[in-house]
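The next block holds one structure in the form of structure tokens; read it before the comments.
For ligands, and for the atoms within them, numbers begin at 1 and follow the listed sequence.
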Amino acid sequence: MVEIFPENWAVLHLGLIFCLTLAQLLVVYVLSDHHNPPMGLGLFTVYFMAALLGWIAFTLQQGTIAPMTLDVPAVAAMINSYLLFLAAGQRANKHVGRIVLGGCCLAGCLSVFFLNPKAMYVVYSALSGFFFAAAGLLCAYRAYSKHNVGDGIIAGAAVLMVASVPIAFYQLFTSDNLQLARVITFGAYTWSFVLLAIGFLTSVLIEYQQHLSHLAVEDPLTGLLNRRGMEDALRVSMARANRENAQTSAMMIDIDHFKNVNDSFGHETGDNVIREVAAILERMSRASDVVARVGGEEFMLILPDTDASAARLVAERICRTLGERPLRVDQQSIPVTVSIGVACSRGETSLDELCQEADRAMYLAKRGGRNRVASVESRPVHLSNSAGVS
Ligand SMILES: Nc1nc2c(ncn2[C@@H]2O[C@H](COP(=O)(O)OP(=O)(O)OP(=O)(O)O)[C@@H](O)[C@H]2O)c(=O)[nH]1
């Protein structure tokens, strides 16, 4: 035993696991008051704690392999492999097989009371390998679908654990060396734990980086683009419009008297009204159009390859649809109207200039009585109300 797994190795492994568990706890602490914690955070933490306890139990038991009433490391190994499967399932948002595998885990735990050490070892390492394989598949799926290499590392950890099972079984059945087989299994547990902790931390960091880069271009309330996102989305089509001397139209859409909505129905319902208007704008625009929220109750709609009269028709349709009947928000009927400014440019115009023109037209629509469309594509200014009357 000593040659295979010397004591200083055990101390090194235990120290490593201890540090990684502390790092994991630090991450949990930092993220705990975040309103949107990473998926599977709680279950992964329980897994790391259970693995630490299992490994401490194994270290304490070294050299005392004589039959015991309860093989604590074996039970811990089974339970924490199942926890890993649950955590991976929560992270991948797939909850298949939880009850069946939970039943297997329970049966495996209970069986250790009745089996001899060799049979007990076969049961727990086979079951743990199976749970690791299931967890690895879920993480591989998530790594692929979310482009997150951290989940790929977790899947790699599962491969390491699964690969150790036939190697350990080979030792057990050819040389009947239970001690060596157990050491192989727990060695694989340790190194897969190290990989798992690194993978989990990497995965969470990548997720936050993705979240932050989304925040830079996305409005968190509506999921629409923000002004910067809109500029990014339009860079190519504006360059093409400049090159081909094509027309681009812009609409500034502002909800009328929105302060009254907040005052009468509350800020939260006000937020839901903004979401609902955003959804309507998205529904009413084409796939090539870009919709963005550019202020509290202000939206910008950019229509590439669209001339002023076509844009004006779209604007009047939006104005009419919203003004026609009250919105149903939070089980209440809330009358909402919008004022829309339309601007159009041909060829070489900057997005900023186009938006300023649309903004100017929107103020004209407000001054003209609200619930109407104004355009500044050519002077004089055209005004029409939601019924389209000039
Ligand atoms: N609920 C909610 N309200 C917001 C948000 N952003 C801005 N507001 C509110 O929107 C209101 C805008 O008020 P004003 O700029 O005076 O305009 P208005 O009441 O819509 O009137 P007009 O634009 O002149 O028709 C303010 O009361 C802001 O508090 C938001 O994200 N959620």
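Under 3.5 Å, the side chains of Y124 and T185 contain no donor-acceptor pair of N or O atoms. Defined by atom type and a distance below 3.5 Å, a donor-acceptor pair is present between the side-chain atoms of D219 and T222. S339 and D256 are linked by a side-chain donor-acceptor pair at a separation below 3.5 angstrom, with hydrogens and angles left out of the test. In the model, S203 has a side-chain atom that pairs as donor or acceptor with a side-chain atom of R91 under 3.5 Å. Between the side chains of Y189 and S128, a donor-acceptor pair is found at a separation under 3.5 Å.
More than 12 heavy atoms of other residues, nucleotides or ligands shown are found within 6.0 angstrom of NZ on K118. More than 12 heavy-atom neighbours from other residues, nucleotides or ligands sit within 6.0 angstrom of CE on M284. Residue K366 places its NZ atom among more than 12 non-hydrogen atoms of other residues, nucleotides or ligands, all under 6.0 Å distant.
Every atom of ligand 1 is numbered from 1 in the order shown, and the set under 4.0 Å from a heavy atom of H257 is 18 (P), 19 (O), 20 (O), 21 (O), 22 (P), 25 (O). Close approach of ligand 1 to R293 (heavy-atom distance below 4.0 Å) involves ligand atoms 30 (C), 31 (O). For ligand 1, the atoms lying closer than 4.0 Å to a non-hydrogen atom of G270 are 1 (N). For ligand 1, the atoms closer than 4.0 angstrom to any heavy atom of R370 are 22 (P), 24 (O), 25 (O). Taking every non-hydrogen atom of D254 and a distance limit under 4.0 Å, the qualifying atoms of ligand 1 come out as 23 (O).
Residue contact annotation: M362 has no non-hydrogen atom under 4.0 Å from ligand 1.
Placement of F130 and M161 within a single hydrophobic cluster is found when ILVMFWY residues are connected by side-chain heavy-atom separations under 4.5 Å, directly or transitively.
Here the shortest heavy-atom pairing between E218 and N226 reads N-ND2, 3.6 Å.
With respect to atom 2 (C) of ligand 1, the closest heavy atom belonging to the protein is D271 OD1, 3.3 Å. Regarding atom 22 (P) of ligand 1, its nearest protein heavy-atom neighbour is K366 NZ, 3.4 Å. In this structure, the protein non-hydrogen atom closest to atom 20 (O) of ligand 1 is F258 N, 2.7 Å. Shortest contact from atom 6 (N) of ligand 1 to any protein heavy atom: G296 CA, 3.1 Å. Looking only at protein heavy atoms, the nearest one to atom 16 (O) of ligand 1 is K259 CD, 4.5 Å. Taking atom 28 (C) of ligand 1 as the reference point, the nearest protein heavy-atom neighbour is N262 ND2, 4.3 Å.
Only side-chain heavy atoms of I274 come within less than 4.0 Å of ligand 1; its backbone N, CA, C and O stay farther off.
For atom 18 (P) of ligand 1, a protein heavy-atom neighbour is present inside the 4.0 Å cut-off. Inside a 4.0 Å radius of atom 14 (P) of ligand 1 there is not any protein heavy atom. Note that atom 30 (C) of ligand 1 has protein non-hydrogen atoms nearby, at separations under 4.0 angstrom.
By the 3.5 Å distance cut-off applied to N or O atoms, E297 is counted among the residues near ligand 1. Considering backbone and side-chain N/O atoms, L221 never comes within less than 3.5 Å of an N/O atom of ligand 1.
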Evaluation steps, salt bridge (Lys or Arg N to Asp or Glu O under 4.0 Å), between E357 and R360
CA-CA 5 Å; E357 291 275 276; R360 205 160 62 82; 3.5 Å; yes
